[in-house]
Amino acid sequence: VQLQASGGGSVQAGGSLRLSCTASRRTFNNYATGWFRQAPGKEREFVAAISWSGYNTYYADSAKGRFTISRDPAKTTFYLQMDNLTPEDSGVYYCAAEEGITTPQGLGMILPKDYWGQGTLVTVSS
């Protein structure tokens, strides 16, 4: 397993959740890593991404101001802190990376093919 996501759950609107994704350093050294989500009946969409260094981040408009992506100093785990959640944020959240994509902006412009975590379910009730 090269990407492993956790941390989903059920919350009421306005609540918070923190997702975690553990990445194999050997495989993902220097790659950007990020989060995507898929709601029932909808296409998978980009949420946020972070550079391997942790210094650069990029967010979808829907996530700006509410979500924060970060990485631990050891660079093996990255997080998505989600605050002020709404029912529209419900879905399965996946962590992902793509070979050769090193910038968060680059990851945000594609649907990765190479590496996906198993997905973690987020349910926000009104």
Side-chain angles (χ1 to χ4, degrees):
V1 175
Q2 295 174 307
L3 284 173
Q4 190 160 9
S6 62
S10 297
V11 295
Q12 291 190 327
S16 298
L17 283 172
R18 188 174 85 153
L19 308 182
S20 300
C21 183
T22 300
S24 164
R25 183 183 181 96
R26 176 177 296 182
T27 303
F28 299 103
N29 193 29
N30 205 39
Y31 291 168
T33 47
W35 292 95
F36 292 73
R37 68 186 181 189
Q38 188 166 21
K42 294 188 177 181
E43 294 185 350
R44 197 168 296 189
E45 64 177 4
F46 170 75
V47 177
I50 189 167
S51 61
W52 185 254
S53 69
Y55 294 140
N56 298 307
T57 59
Y58 182 62
Y59 296 91
D61 288 344
S62 60
K64 289 178 182 176
R66 301 186 301 124
F67 295 2
T68 304
I69 190 169
S70 61
R71 182 184 296 283
D72 75 348
K75 298 184 175 56
T76 56
T77 303
F78 62 103
Y79 307 95
L80 186 67
Q81 176 67 40
M82 304 187 294
D83 298 317
N84 194 21
L85 286 160
T86 72
E88 289 69 34
D89 295 314
S90 296
V92 179
Y93 282 68
Y94 301 89
C95 50
E98 179 78 359
E99 288 194 3
I101 301 294
T102 59
T103 66
Q105 292 82 355
L107 193 63
M109 291 191 291
I110 65 167
L111 190 63
K113 301 184 300 295
D114 294 326
Y115 304 107
W116 288 96
Q118 80 279 18
T120 185
L121 180 63
V122 172
T123 303
V124 185
S125 58
S126 58

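Hydrogens, waters and symmetry mates are skipped; everything else that's a heavy atom, side chains included, is used. Nothing fancy with the numbering, it's 1 onward along the sequence.
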Check the pair Leu3, Cys21 against side-chain contact (heavy atoms from CB on, under 4.5 Å), reporting the backbone distance first and the verdict last.
CA-CA 6 Å; Leu3 284 173; Cys21 183; 3.7 Å; yes

Any chance you could lay out the side-chain contact (heavy atoms from CB on, under 4.5 Å) test for Gln38 and Tyr93, step after step, and finish with the verdict?
CA-CA 7 Å; Gln38 188 166 21; Tyr93 282 68; over 6 Å; no

How far apart are the C-alpha atoms of Arg37 and Glu45, what are their side-chain angles, what is the distance that settles it, and do they pass the side-chain contact (heavy atoms from CB on, under 4.5 Å) test?
CA-CA 5 Å; Arg37 68 186 181 189; Glu45 64 177 4; 2.7 Å; yes

Would you sort out whether Ser70 and Gln81 count as a side-chain contact (heavy atoms from CB on, under 4.5 Å), showing the intermediate values?
CA-CA 8 Å; Ser70 61; Gln81 176 67 40; over 6 Å; no

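Distance OG/Ser51 to CD1/Ile101: 13.5 Å, rounded to 0.5 Å. Between atom OG of residue Ser10 and atom CG of residue Leu17 there is a gap of 8.5 Å, rounded to the nearest 0.5 Å. Expressed to the nearest 0.5 Å, how far CG of Asp89 lies from OG of Ser62 amounts to 7.0 Å.
Inspection of the Glu99 and Tyr115 side chains reveals an N or O donor paired with an N or O acceptor under 3.5 Å. Side-chain polar atoms of Tyr79 and Arg18 form no donor-acceptor pair below 3.5 angstrom. For Asn30 and Thr102, the side-chain atoms include no donor-acceptor pair closer than 3.5 Å.
Using modelled atom types, no side-chain atom of Gln105 and backbone atom of Met109 make a donor-acceptor pair closer than 3.5 Å. In this structure, Ser20 contributes its side chain and Ser6 its backbone to no donor-acceptor pair below 3.5 Å. Using a distance-only test at 3.5 Å, with no hydrogens or angles considered, a donor-acceptor pair links the side chain of Thr120 to the main chain of Gly8. Formation of a donor-acceptor pair under 3.5 Å by the Arg66 side chain with backbone atoms of Asn84 is found in this model.
Closest heavy-atom contact between Arg71 and Ile50: NH2-CG2, 3.5 Å. The heavy-atom pair separating Ala5 from Cys95 by the smallest distance is CB-SG, 3.8 Å. Contact detail for Ala13 and Pro87: the closest heavy-atom pair is CB-CD, 4.2 Å. Between Ala96 and Leu107, the shortest heavy-atom contact is O-CD2, 3.9 Å. Gly100 and Tyr31 make their closest contact through N-CE2, 3.4 Å (heavy atoms, listed as atom of the first residue, atom of the second, distance).
When ring centroids are compared, Phe46 and Tyr58 come within the 6.0 Å threshold.
Checked against Trp35 for a ring-ring contact (aromatic ring centres under 6.0 Å, His included), the options Tyr94, Phe78, Phe67 give a single hit: Phe78.
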